[in-house]
Amino acid sequence: MTRIDPHSYFDDAQPRTGRWHLRLRVDFDRKVLEGEATLIFPEPVEGPLDLDTKGLAIHRAHVTANMTKVPFELGPEDPILGRRLRLNLPAGTLGVTVAYETSPEAIGLQWLAPEQTEGKRKPFLFSQCQAIHARTLMPCQDCAVARVAYDAEITVPAGLTAVMSAGPDGDHPAGSGWHTFRFKMPQPIPSYLLALAVGELEGRDVSPRVRVWAEPATVEKAAWEFAETESFIQKAEGLFGPYDWDRYDMLVLPPSFPYGGMENPRMTFLTPTLLAGDRSLVDVVAHELAHSWTGNLVTNATAEHFWLNEGFTVWAERRILRALKGEEAAALSWALGQKSLDESLDRFKDQPELTKLRTHLEGVDPDDAFSSIPYEKGARLVVSLERAVGEAAFDGFIQAYMKHFRFQSITTEQFCAFAEAQFPGVLAKVKADAWLHEPGIPADAPRFASPKLEALTALGAGWDAAKRASAEELKALTPTELLILLQNLPRPLPEPECAWLEAQLGLTARGNFEILVEWLCIAAASGFAPTFPRIREVLATVGRMKYVRPLYKALGQTEAGRTLAREVFAEASPRYHALTRRVAEGVLAAYSA
Ligand code: BES
Ligand code: ZN
């Protein structure tokens, strides 16, 4: 037996699935996916095959070609991994079909009532499989090393549209109020990139290979917001080589989506909180797009090497930003990253192992290990390498890296061996061992200075009634500059200062959620009551964990805030995504501690 991933029952000594064929019906009444998953092998196989499942009801299994029953056994439930499904395949098996259904509690799915959508008429379903939730959608080798191509037939109530992390392959009526959508993903992907969404959806083309999908009421706004995407693709192609996934489409989800974005291939999933109305939050699109190379083409082998996905992608996102918006914009983006890095280091001060880049996660749920560390510490290691060899040489290295490991899922150790072969001595030069295997941030980590940044930081930190900026100065700030200023304001901020800021800048009515939530956190921590109705509204609808965690935390600073937090949680948590609920519960539990 060769287990290579602490989060999967995948056994590397057993056959690898080459392709999935999914036939599923989306049952909104029972909140389940129900149907068949066929696992297809590149050559005849036999013997035990261990799959990951979580919450799945397995009805039966048979050899696809001849309906021969396949004996199976489900192991005991592990709270993180779920249950191992062992199939005993007869000699000569080319495909095995498992009939099953998902659980209404599947953590990889969120079933939304019509009230939770923009249109309020139709229900909505979306998946979020990274890191280890694909097993709540289907029985599979839920390990990034076991890459699979797939095709799917998804049957949904007529009037709804299904999209997947795959290319469309036609659709047709399926009788009595049902409609079937077909999909094809020809390239081998890690299981965590399986994705499905179903709802009342419309698409708008913003370039020949880019389409934005959203609910009808949002689609025009979304298409405008993300109209620059084609230019991002062209910059990214310059950095990494040709875009290999055919189309780059995006889906704007309802607000309960727990992340900012998810790089599902051919169909990035996005939070609607990016729709600021001024294109000021499109760096998230640059990030998800960059994953088309770093993450989707070259993939982390397991969650213990997650920094390979996110560190490189943050670095790439900021290279794209620098090329399109200039040095200053990139420096400010690094500064925002530093802030979230500092917050994560603080959050994990009692779990320093989680601040290493190369983590050891046996017995640890990847969702609990999630933080800005792999992103921002990872990106700083990438910049150290870039600075050590020079930008031109590093650009060549990145292209060679992509070429060498295309469609592979690799470990930190494989990356290091490759880097050392390309640039002998470079790992020692940047002290890569300290970055990878020691907690915290090395003292000589790269800095990203900019005069603007220093001015904003100083202005924020020294803020008081006598030394605040003039209203005119404030109004002249770009959204990112304003965000950095807000981040640096003292908290609690005296009430008159809160009132003055609100009067000058109308912060509570802002459409840029980064600014809005930063402000609401200041206001919450300062007990500035006029913002409480908006805080309540945001926490009742928005599931993005990046916002939910700090908002509940800030409310914890005052008695009135804690009361509001408990009220809104009691009312809204049944509608939260399971991941969001867990985060909010954790923060609320710490109030009484
Ligand atoms: N792949 C991540 C989201 C993710 C990570 C989901 C781990 C589940 C487990 C995505 O690319 C991401 O990083 N999103 C960020 C955006 C960003 C850093 C610009 C987010 O959601 O905020
Ligand atoms: Zn990412």
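Only heavy atoms go into these numbers, but all of them, side chains included; no hydrogens, no water, no symmetry mates. In each ligand, atom 1 is the first atom listed, and ligand 1 is the first ligand listed.
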| request: Give the intermediate values and the outcome of side chain to side chain donor-acceptor pair (under 3.5 Å) for residues S256 and Q110. | output: CA-CA 9 Å; S256 65; Q110 191 181 13; 2.9 Å; yes
d(T17 OG1, Q141 CD) to nearest 0.5 Å is 3.5 Å
Margin query: If you define the side chain from C-beta out and look only at heavy atoms, does anything of D367 sit under 4.5 Å from I132?
Written below: no
Ligand 1 to H291, heavy atom cutoff 4.0 Å, flagged ligand atoms 11 (O)
Q. Run the side chain to side chain donor-acceptor pair (under 3.5 Å) check on E362 and H7 step by step: do they pass?
A. CA-CA 7 Å; E362 182 92 48; H7 298 117; over 6 Å; no
Run the ring-centre check on F232 versus Y248 and record whether the distance is less than 6.0 Å.
no
The protein heavy atom nearest to atom 3 (C) of ligand 1 is G261 O, 3.6 Å
Q | Test item, F306 contacting ligand 1 (heavy atom, 4.0 angstrom) | A | yes
Ligand 1 atoms nearer than 4.0 angstrom to some heavy atom of Q128 are 6 (C), 8 (C)
Here the atoms of ligand 1 under 4.0 Å from any heavy atom belonging to G260 are 20 (C), 21 (O), 22 (O)
The Zn ion (ligand 2) has as its nearest N, O or S atom from E310 the atom OE1
Quick look: H287 vs ligand 1, heavy-atom contacts under 4.0 Å, and the answer is side chain
ask   = Hey, would you say the F415 and Y401 ring centroids sit under 6.0 Å apart?
value = yes
Taking the Zn ion (ligand 2) as the apex, NE2 on H287 and NE2 on H291 give an angle, to 10°, of 100°
Within 4.0 Å of some non-hydrogen atom of E263, the atoms of ligand 1 are 1 (N), 2 (C), 10 (C), 11 (O)
Return a yes/no value for V284: is any of its N or O atoms, backbone included, closer than 3.5 angstrom to an N or O of ligand 1?
no
The protein heavy atom nearest to atom 2 (C) of ligand 1 is E310 OE2, 3.4 Å
Fill in: Verdict with supporting geometry, R322 and E317, salt bridge (charged side-chain N to carboxylate O under 4.0 Å, His left out)
CA-CA 9 Å; R322 193 186 75 187; E317 164 202 333; over 6 Å; no
Numbered in order shown, the ligand 1 atoms found under 4.0 Å of a heavy atom of R544 are 22 (O)
query = Is D367 in polar range of ligand 1, meaning some N or O pair under 3.5 Å apart?
reply = no
Show, in sequence, the C-alpha distance, side-chain angles and deciding distance for F418 and F405, and conclude whether the ring pair (Phe, Tyr, Trp, His ring centres under 6.0 Å) test is met.
CA-CA 10 Å; F418 184 77; F405 290 113; 5.4 Å; yes
Check: of M262, E288, K546, min heavy-atom distance to atom 15 (C) of ligand 1 comes from E288
Does the Lys NZ or Arg CZ of R279 fall within the cation-pi geometry relative to W224 - under 6.0 Å from the ring centre and within 45° of the axis? yes
The closest protein heavy-atom partner of atom 5 (C) of ligand 1 is Q130 OE1, 3.3 Å
Is there a polar contact between ligand 1 and Y375, counting only N or O atoms under 3.5 Å apart?
yes
For F370, the ligand 1 atoms with a heavy-atom partner under 4.0 Å come out as 5 (C), 7 (C)
- Message: Is the distance between the ring centroids of Y547 and W519 under 6.0 Å?
- Response: no
*Given E310 and H287, is the side chain to side chain donor-acceptor pair (under 3.5 Å) satisfied, shown in steps?*
CA-CA 9 Å; E310 298 301 342; H287 178 97; 3.0 Å; yes
